[in-house]
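Scroll down for the structure; my scribbles are underneath it.
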Protein chains: 2
Amino acid sequence: MKEQQSIFTAISDPHRRVILRLLKQGELSVSELAKHFDFSGATLSHHLSVLKSAALVRVRKDKQKRIYTLNTSVVEELLLVVNQLFK
Amino acid sequence: MKEQQSIFTAISDPHRRVILRLLKQGELSVSELAKHFDFSGATLSHHLSVLKSAALVRVRKDKQKRIYTLNTSVVEELLLVVNQLFK
DNA sequence: ACATTATTTAGACTACCATCTAATTAAAGT
DNA sequence: ACTTTAATTAGATGGTAGTCTAAATAATGT
């Protein structure tokens with residue numbers, strides 16, 4: 001898997017890890033996610049695009065909103081990779 | 001654990017992950033590690049200091065050499081944190 | 001003492017990253 | 001049509017990270 005680096009880059013930022021934890025509890029729109037952060041919507045959009053590039057999250061449209069969800073299969077893959085890093 | 005960020009930063013670099021995988025197989029001196037990489041000794045020293053700051057590795061002296069080893073307790077901690085990120 | 005080997009530290013450079021504001025796209029409601 | 005809401009994209013900026021060469025530190029051997 002050649003995009004391994006993109007996953008490690010994605011989880012290296014603390015704000016993105018918070019996003020992942022929030023999505024772990026259920027899907028959220030961008031504006032719902034925004035309530036949890038101080039930075040601008042543009043920055044949030046940037047973080048989401050990094051997570052999307054790593055395929056850690058998926059997005060779908062619902063009217064004007066874009067709903068983000070955890071991509072559990074890639075998450076499982078990450079857990080495997082990290083475990084194999086050491087075990 | 002307040003140094004969680006330093007651990008994620010440490011494993012975000014691919015060269016440092018190679019170092020960790022090498023040390024997983026047994027302790028190594030800096031010059032032994034150097035054989036596996038193209039970059040300068042100064043750069044290797046920098047990577048080792050990042051890993052050391054995150055407490056992922058430990059170092060001891062043996063004559064002129066410095067022997068690096070995996071710090072398995074912090075490694076276990078990392079595995080736990082990553083797992084809790086998603087599960 | 002001096003030279004050699006092993007490693008780190010200092011300082012510089014480039015590239016990338018997180019962030020911002022402003023502009024843009026897109027869908028919905030009036 | 002126009003306005004509002006939702007989100008992304010463009011472009012700029014400051015800071016940090018990875019890398020290098022050169023210099024410094026430290027231990028060994030001659």
Side-chain angles (χ1 to χ4, degrees), chain A residues 2-23 26-71 78 85, chain B residues 2-23 26-71 78 85:
Chain A
K2 62 175 176 311
E3 342 74 2
Q4 192 170 309
Q5 181 54 39
S6 69
I7 301 184
F8 280 101
T9 301
I11 65 169
S12 71
D13 180 87
H15 290 143
R16 287 194 289 265
R17 292 200 299 279
V18 173
I19 293 173
L20 291 171
R21 280 190 216 99
L22 289 168
L23 293 180
E27 56 182 32
L28 290 169
S29 68
V30 177
S31 37
E32 285 167 335
L33 279 167
K35 292 175 193 159
H36 296 82
F37 301 102
D38 284 341
F39 46 71
S40 73
T43 296
L44 176 55
S45 195
H46 163 71
H47 284 313
L48 290 171
S49 95
V50 172
L51 291 168
K52 218 169 16 173
S53 300
L56 282 165
V57 302
R58 295 218 166 286
V59 60
R60 72 165 201 281
K61 291 186 189 174
D62 179 41
K63 308 199 172 185
Q64 309 102 310
K65 311 245 178 143
R66 316 251 169 129
I67 311 291
Y68 281 80
T69 56
L70 260 193
N71 185 350
L78 165 65
L85 231 193
Chain B
K2 62 174 177 308
E3 339 75 3
Q4 191 172 309
Q5 182 54 40
S6 69
I7 301 184
F8 280 101
T9 301
I11 65 169
S12 72
D13 181 87
H15 291 143
R16 286 195 289 266
R17 292 199 300 277
V18 173
I19 294 174
L20 291 171
R21 279 190 216 100
L22 289 168
L23 294 180
E27 56 183 32
L28 291 169
S29 69
V30 176
S31 36
E32 285 166 335
L33 280 167
K35 291 173 194 160
H36 297 83
F37 301 102
D38 286 339
F39 47 71
S40 73
T43 296
L44 175 55
S45 195
H46 163 71
H47 284 313
L48 290 171
S49 95
V50 172
L51 291 168
K52 217 169 15 171
S53 299
L56 282 165
V57 302
R58 295 219 167 286
V59 59
R60 72 166 199 281
K61 290 185 192 174
D62 178 43
K63 307 201 174 184
Q64 309 101 308
K65 311 244 180 144
R66 316 252 169 127
I67 312 290
Y68 280 81
T69 56
L70 261 194
N71 185 350
L78 166 63
L85 232 194

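Every chain is numbered from 1 and lettered A, B, ... according to where its sequence line falls, protein lines coming before strand lines.
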Would you tabulate the side-chain donor-acceptor contacts of residues 11-20 of chain B under 3.5 Å, counting partners in other chains and residues two or more places apart, or write 'none'?
from, atom 1, to, atom 2, distance (Å)
Ser12(B), OG, Thr9(B), O, 2.7
Asp13(B), OD2, His15(B), N, 2.9
Asp13(B), OD2, Arg16(B), N, 3.1
Arg16(B), NE, Ala10(B), O, 2.8
Arg16(B), NH1, His47(B), ND1, 3.1
Arg16(B), NH2, Thr9(B), O, 3.1
Arg17(B), NH1, Gln5(A), OE1, 3.3
Arg17(B), NH1, Ile11(B), O, 2.8
Arg17(B), NH1, Ser12(B), O, 3.4
Arg17(B), NH2, Gln5(A), OE1, 2.7

Considering residues at least two apart in sequence or located in another chain, which fulfil the side-chain hydrogen bond (donor to acceptor under 3.5 Å, both in side chains) criterion with Ser53(B)?
none
Interatomic spacing from CZ in Phe37(A) to CG in Leu22(A) - rounded to 0.5 Å
5.5 Å
One character per nucleotide, please: for nucleotides 23-30 of chain D, 5' to 3', B when the base has a protein heavy atom closer than 4.0 Å, S when only the sugar-phosphate does, - otherwise.
----SS--
Reckon Phe37(A) touches a base, only the sugar-phosphate, or nothing at all at heavy-atom distances under 4.0 Å?
nothing
If the condition is side chain to side chain contact (heavy atoms under 4.5 Å, CB included), which residues does Gln64(A) pass it with, not counting sequence neighbours?
none
Pairs meeting criterion salt bridge (charged side-chain N to carboxylate O under 4.0 Å, His left out) with involvement of residues 47-61 of chain B, two or more places apart
Glu27(B)-Arg60(B)
Positions of residues 39-56 of chain B (non-hydrogen atom under 4.0 Å from DNA chain C), listed by number
Gly41(B), Ala42(B), Ser45(B)
What residues, two or more places apart in sequence or in another chain, satisfy side-chain hydrogen bond (donor to acceptor under 3.5 Å, both in side chains) together with Ser40(A)?
Thr43(A)
Which whole-number value in Å describes the distance from Lys65(A) NZ to dA6(D) P?
5 Å
Where is the tightest heavy-atom contact between Val30(A) and Leu48(A), given as atom of each residue plus distance?
CG2-CD1, 3.9 Å
DNA chain C contacts made by residues 10-20 of chain B, counting heavy atoms under 4.0 Å
none
Students should find that the nucleotides of DNA chain C closing off the region near chain A, any atom under 4.0 angstrom from a heavy atom, are dA18(C) to dA28(C)
Kindly compute the distance separating CG (Leu56(B)) from CG (Leu70(B)), expressed to the nearest 0.5 Å.
8.0 Å
Determine the contact category for Thr9(B): base if any of its heavy atoms lies under 4.0 Å from a base atom, sugar-phosphate if only primed atoms, P, OP1 or OP2 are that close, otherwise nothing.
nothing
Any residue meeting side-chain hydrogen bond (donor to acceptor under 3.5 Å, both in side chains) with Ser45(B), in chain and number order, not counting sequence neighbours
none
